[in-house]
2 protein chains.
Amino acid sequence: MDKIKVLVVDDHPMVLEGMQAMLSQIDFVQITGLARNAYLAMEDIKTAIPDIVITDINMPEISGVELTAKIKKEYPSVKVIAMSTFNERSLISQMVQQGASGYLLKSASREQIEEAISTVSRNKLYMSLDLELSNKEQDEMSKLPVLTSREKEVLSLIAEGFTNSQIAEKLFVSPYTVDSHRKNLLTKFDVNNTAGLIKLAAKYGLV
Amino acid sequence: MDKIKVLVVDDHPMVLEGMQAMLSQIDFVQITGLARNAYLAMEDIKTAIPDIVITDINMPEISGVELTAKIKKEYPSVKVIAMSTFNERSLISQMVQQGASGYLLKSASREQIEEAISTVSRNKLYMSLDLELSNKEQDEMSKLPVLTSREKEVLSLIAEGFTNSQIAEKLFVSPYTVDSHRKNLLTKFDVNNTAGLIKLAAKYGLV
DNA sequence: GAAAAAATCCCCTGAAAAGGGGATTGAGAA
DNA sequence: TTCTCAATCCCCTTTTCAGGGGATTTTTTC
């Protein structure tokens, strides 16, 4: 049985070293490369096509989301496992949309990493979402409202500091419309002013 | 010449492994332990007193700040190097106040870690603050206004979603006063509404 | 002990947001 | 095909915020 070829992408040398150390303890895994950015990752993939790419989501220049899109476009058979710290869960759906097969917390243990790799290599999805979440966090997550695309648009503009009428101009709609969206956002987030709105939105990476 | 004894504290196994891998490449360093939380770190220190403790700031239960306070209280001669990801710079001053001797980004290279350890062991402060910052970030950082303690207090309450009068009640002052602070904050941050305020404050970890 | 900085308080105006109410249109789901 | 939902638009009232203008007191710093 062939070993599973894994490429790790992360801008933190520490994490790369850590992953190398942990992956080398897994007997069915073979490391094909360690890349500290998306460019180098694509180079590495070209020379030695891995089975799985484990990539950080938050990276300067080209993010993990974009890298995943690139990989899936050029090498659809390569599986991608996204890695992030706990406060970026909002990016998971983005990653999955781009074709990621797994989601790993940076606080993952060797066992979890092992499980993630073997699960993903069997064409299944691995999500380590709830593993380290407190009840409070779970509650907060479940309360996360579903926003329409227009609402997201308006929210990000609010967060940019624009007023209703400025946003209305940008979106070519009436200020009344923007105000409606704003009110819906307040209701959905269950807050009663802009401050609460931005705070929550920022917390869940929506802005 | 004796080796410098180092203990690493981080709740992420990946980082611990990474640090171990990187530190073992430094010939003048001897790892006395790897702890995944503050409790275990204190145990480790008891059995083998290290010269330097490298600790993550963001940890569940007991934070790096609290751990540093504990260490400096019980073992004043032990040096502490704080470690964090880039968006927590606001904690640096807290760490320094608690007696930390260094600050290391998690994106640090082996060279930087080496430098941090040797600098700190020579009783100097090591701050890796500006190392990996882009010009844009540097500019933004340098523009960061100095807030008074009252202003910080008011800002965090604004971010919590309270109105001026609610804040006034909490602080036992007149709403006029709170309004003054709010206006000063707007001026200092050079923004013109609450949204811009919170966004900036959040960006620099002030809330 | 004087000067500077921080914290407090007050007033006014106009703009913006919050909190209600409602209505219409179009697209997609049941 | 109805029914729901998203998106659009409108009006009203009250509250809060933003942008000015000041002033006083306390605390810190030199």
Side-chain angles (χ1 to χ4, degrees), chain A residues 90 93-94 97 142-207, chain B residues 90 93-94 96-97 142-204 206-207:
Chain A
S90 60
S93 59
Q94 278 183 49
Q97 274 193 308
S142 66
K143 274 186 209 145
L144 238 199
V146 179
L147 302 186
T148 68
S149 57
R150 203 54 158 175
E151 281 167 350
K152 282 181 200 163
E153 215 168 346
V154 171
L155 177 56
S156 69
L157 288 168
I158 291 172
E160 298 278 333
F162 296 110
T163 65
N164 285 346
S165 26
Q166 286 173 323
I167 296 171
E169 270 184 48
K170 277 179 197 294
L171 301 182
F172 304 108
V173 294
S174 149
Y176 291 120
T177 305
V178 179
D179 195 52
S180 286
H181 288 308
R182 185 182 211 120
K183 283 168 187 168
N184 287 335
L185 285 166
L186 288 175
T187 310
K188 283 192 174 180
F189 276 106
D190 194 26
V191 293
N192 45 22
N193 55 33
T194 309
L197 212 54
I198 314 269
K199 199 190 57 171
L200 265 172
K203 190 168 184 177
Y204 296 113
L206 282 119
V207 285
Chain B
S90 61
S93 58
Q94 277 184 54
V96 173
Q97 273 191 311
S142 66
K143 276 186 210 144
L144 240 198
V146 179
L147 303 186
T148 67
S149 57
R150 205 50 159 175
E151 282 167 350
K152 281 181 200 164
E153 215 169 346
V154 170
L155 177 56
S156 71
L157 288 168
I158 290 173
E160 298 276 335
F162 296 111
T163 66
N164 285 346
S165 26
Q166 287 174 322
I167 296 171
E169 270 184 47
K170 277 178 197 293
L171 300 182
F172 305 106
V173 295
S174 146
Y176 292 118
T177 306
V178 178
D179 196 50
S180 286
H181 290 308
R182 186 185 208 116
K183 284 168 188 169
N184 288 336
L185 285 166
L186 288 176
T187 309
K188 282 191 176 182
F189 276 107
D190 191 27
V191 293
N192 46 23
N193 56 33
T194 309
L197 211 57
I198 314 270
K199 200 188 57 169
L200 264 172
K203 189 166 187 178
Y204 296 112
L206 268 69
V207 286

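If you're wondering where the values come from, they're calculated on a predicted model, not measured in any experiment. Letters A, B, ... are given to chains in the order of the sequence lines, protein chains preceding strands, and every chain is numbered from 1.
To the nearest angstrom, P of dA18(C) lies 8 Å from CG of Asn192(A). Distance, Asn193(B) CG to dG14(C) C1': 16 Å, rounded to whole Å. Rounded to an integer number of Å, the gap from CD1 of Ile158(B) to C1' of dA17(C) is 15 Å.
Judged as a salt bridge (Lys or Arg N to Asp or Glu O under 4.0 Å), and not counting sequence neighbours, Lys170(A) has no contacts. Remark: Thr187(B) engages no residue in a side-chain contact (heavy atoms from CB on, under 4.5 Å) (not counting sequence neighbours). Applying the side-chain contact (heavy atoms from CB on, under 4.5 Å) criterion to Thr177(B), with sequence neighbours excluded, gives Val173(B), Ser174(B), His181(B). Here Asn193(A) pairs with Ala195(A), Thr163(B) under the side-chain contact (heavy atoms from CB on, under 4.5 Å) rule; sequence neighbours left out. The side-chain hydrogen bond (donor to acceptor under 3.5 Å, both in side chains) test applied to Glu160(B) returns no partner, not counting sequence neighbours. Applying the side-chain contact (heavy atoms from CB on, under 4.5 Å) test to Leu186(A) and every residue at least two apart in sequence or in another chain returns Val191(A), Leu197(A). Residues passing the salt bridge (Lys or Arg N to Asp or Glu O under 4.0 Å) test with Glu169(A): none are found, sequence neighbours excluded.
Residues Glu151(B) and Tyr176(B) both approach DNA chain C. Their nearest nucleotides, taken by heavy-atom distance, put Glu151(B) toward the 5′ side.
When the C1' atoms of four end pairs are superposed on the next four at each end of the helix from dG1(C)-dC30(D) to dA30(C)-dT1(D), using five pairs per end, the two resulting axes differ in direction by 60°, to 10°.
For the pair Val178(B) and Ile158(B), the minimum side-chain heavy-atom distance is 4.5 Å or more.
If you check residues 177-186 of chain B against DNA chain D, the residues with a heavy atom closer than 4.0 Å are Arg182(B), Lys183(B), Leu186(B), listed by number.
Think of the region where chain A sits on DNA chain D: with heavy atoms and a 4.0 Å cut, that region ends 5' and 3' at dA6(D) to dC11(D).
Listed by first and then second residue, the salt bridge (charged side-chain N to carboxylate O under 4.0 Å, His left out) pairs involving residues 176-185 of chain A are Asp179(A)-Lys183(A) (not counting sequence neighbours).
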